[in-house]
Amino acid sequence: MTRQIEVLTARARAARSQAAVRRWELRQLGHAAGAWHRLARLLTLTRRAWVISDEDAERLLAAGHHPEAAGLAFEPSRRFFLIREQQVASLSDAQEIALQASPELLGYRNLALVQFDEATEPIAIGPRL
């Protein structure tokens with residue numbers, strides 16, 4: 001093989017590899033079914049966040065709160081509860097965390113979130129599950 005053919009072969013191989021990566025990324029976005037978009041929207045509407053224990057999450061479920069679909073779409077699922085700021089005092093193990101999109105935020109299994117406008121009912125992001 002000549003040097004030009006080797007260069008063209010390497011470029012073709014790189015282009016095929018890059019196309020395969022793009023196909024995989026697009027397939028993953030399709031499987032996510034908008035989960036990242038719903039999570040970003042949920043965090044945009046949120047003013048403060050607390051990490052809560054499984055026991056506190058169960059108390060919220062018993063009180064009629066439902067976890068947001070934005071967190072349930074991930075694997076493993078996360079339970080994000082929209083609550084009023086006054087309800088935080090009833091959560092025994094709540095620890096406030098910095099509210100920023102980060103891998104650490106998705107590392108928590110249960111979060112209690114307070115939206116900016118508490119005068120109205122919490123805004124549901126996506127279908128309730």
Side-chain angles (χ1 to χ4, degrees):
M1 253 198 262
T2 67
R3 175 76 180 135
Q4 290 178 337
I5 293 176
E6 290 174 5
V7 169
L8 290 175
T9 303
R11 285 180 62 193
R13 189 177 309 122
R16 281 193 297 274
S17 175
Q18 193 173 36
V21 169
R22 283 190 188 138
R23 279 193 306 273
W24 180 86
E25 288 172 345
L26 289 172
R27 190 173 64 242
Q28 294 305 310
L29 284 173
H31 289 315
W36 290 106
H37 176 71
R38 285 194 306 274
L39 176 63
R41 184 167 178 227
L42 178 65
L43 294 178
T44 300
L45 297 172
T46 302
R47 181 168 45 106
R48 297 174 78 184
W50 286 267
V51 176
I52 59 174
S53 65
D54 287 336
E55 293 79 22
D56 284 337
E58 294 303 322
R59 276 192 225 109
L60 288 173
L61 284 170
H65 291 278
H66 300 283
E68 288 297 310
L72 297 174
F74 290 95
E75 188 58 42
S77 65
R78 275 73 171 174
R79 296 188 291 184
F80 299 148
F81 296 94
L82 294 176
I83 64 171
R84 300 198 183 279
E85 194 150 8
Q86 300 85 351
Q87 294 173 298
V88 174
S90 68
L91 303 173
S92 60
D93 298 326
Q95 296 177 353
E96 189 168 7
I97 60 168
L99 188 59
Q100 57 188 10
S102 66
E104 291 81 24
L105 185 72
L106 283 178
Y108 301 113
R109 177 167 155 64
N110 302 303
L111 290 177
L113 306 172
V114 174
Q115 290 183 327
F116 280 101
D117 185 13
E118 289 190 351
T120 61
E121 283 297 309
I123 298 170
I125 308 299
R128 297 275 182 176
L129 298 177

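In this text the structure is predicted, and so the values were computed from the model without any measurement.
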Atom of Arg38, atom of Ala73 and distance for their closest heavy-atom approach: NH2-CB, 3.6 Å
Close side-chain approach of Leu105 to Ile97, heavy-atom, < 4.5 Å: yes
Heavy-atom pair with the smallest gap, counting every atom of Glu85 and Trp50: OE2-CH2, 4.1 Å
Flag side-chain contact, heavy atom, 4.5 Å: Leu106 against Leu39: yes
Polar side-chain atom of Ser90 near backbone of Gln87 as donor-acceptor pair, under 3.5 Å: yes
Validation row: Glu68, Leu82 side chains within 4.5 angstrom (heavy atoms): yes
Any side-chain heavy-atom pair of Pro67 and Leu61 under 4.5 Å: yes
Any donor-acceptor pair under 3.5 Å from Arg48 side chain to Leu113 backbone: no
From CA spacing to verdict: side chain to side chain contact (heavy atoms under 4.5 Å, CB included), Glu6, Thr2: CA-CA 6 Å; Glu6 290 174 5; Thr2 67; over 6 Å; no
Closest heavy-atom pair and its distance - Phe116, Thr46: CE1-O, 3.4 Å
Distance-minimising heavy-atom pair for Arg84 and Val114: C-CG2, 4.2 Å
Between CD on residue Gln4 and OG1 on residue Thr9, distance to nearest 0.5 Å: 11.5 Å
Separation of Phe81 CZ from His65 NE2 (nearest 0.5 Å): 8.5 Å
Residue pairs involving residues 50-60 (criterion salt bridge (charged side-chain N to carboxylate O under 4.0 Å, His left out); sequence neighbours excluded): Asp54-Arg79, Asp54-Arg109, Asp56-Arg59, Glu58-Arg79
Note, Leu60 side chain near Ile52 side chain (heavy atom, < 4.5 Å): yes
Could you pull out every donor-acceptor pair under 3.5 Å between side chains of residues 10-19 and any protein atom, sequence neighbours left out?
none

Any residue meeting side chain to side chain donor-acceptor pair (under 3.5 Å) with Gln95, in chain and number order, not counting sequence neighbours: none
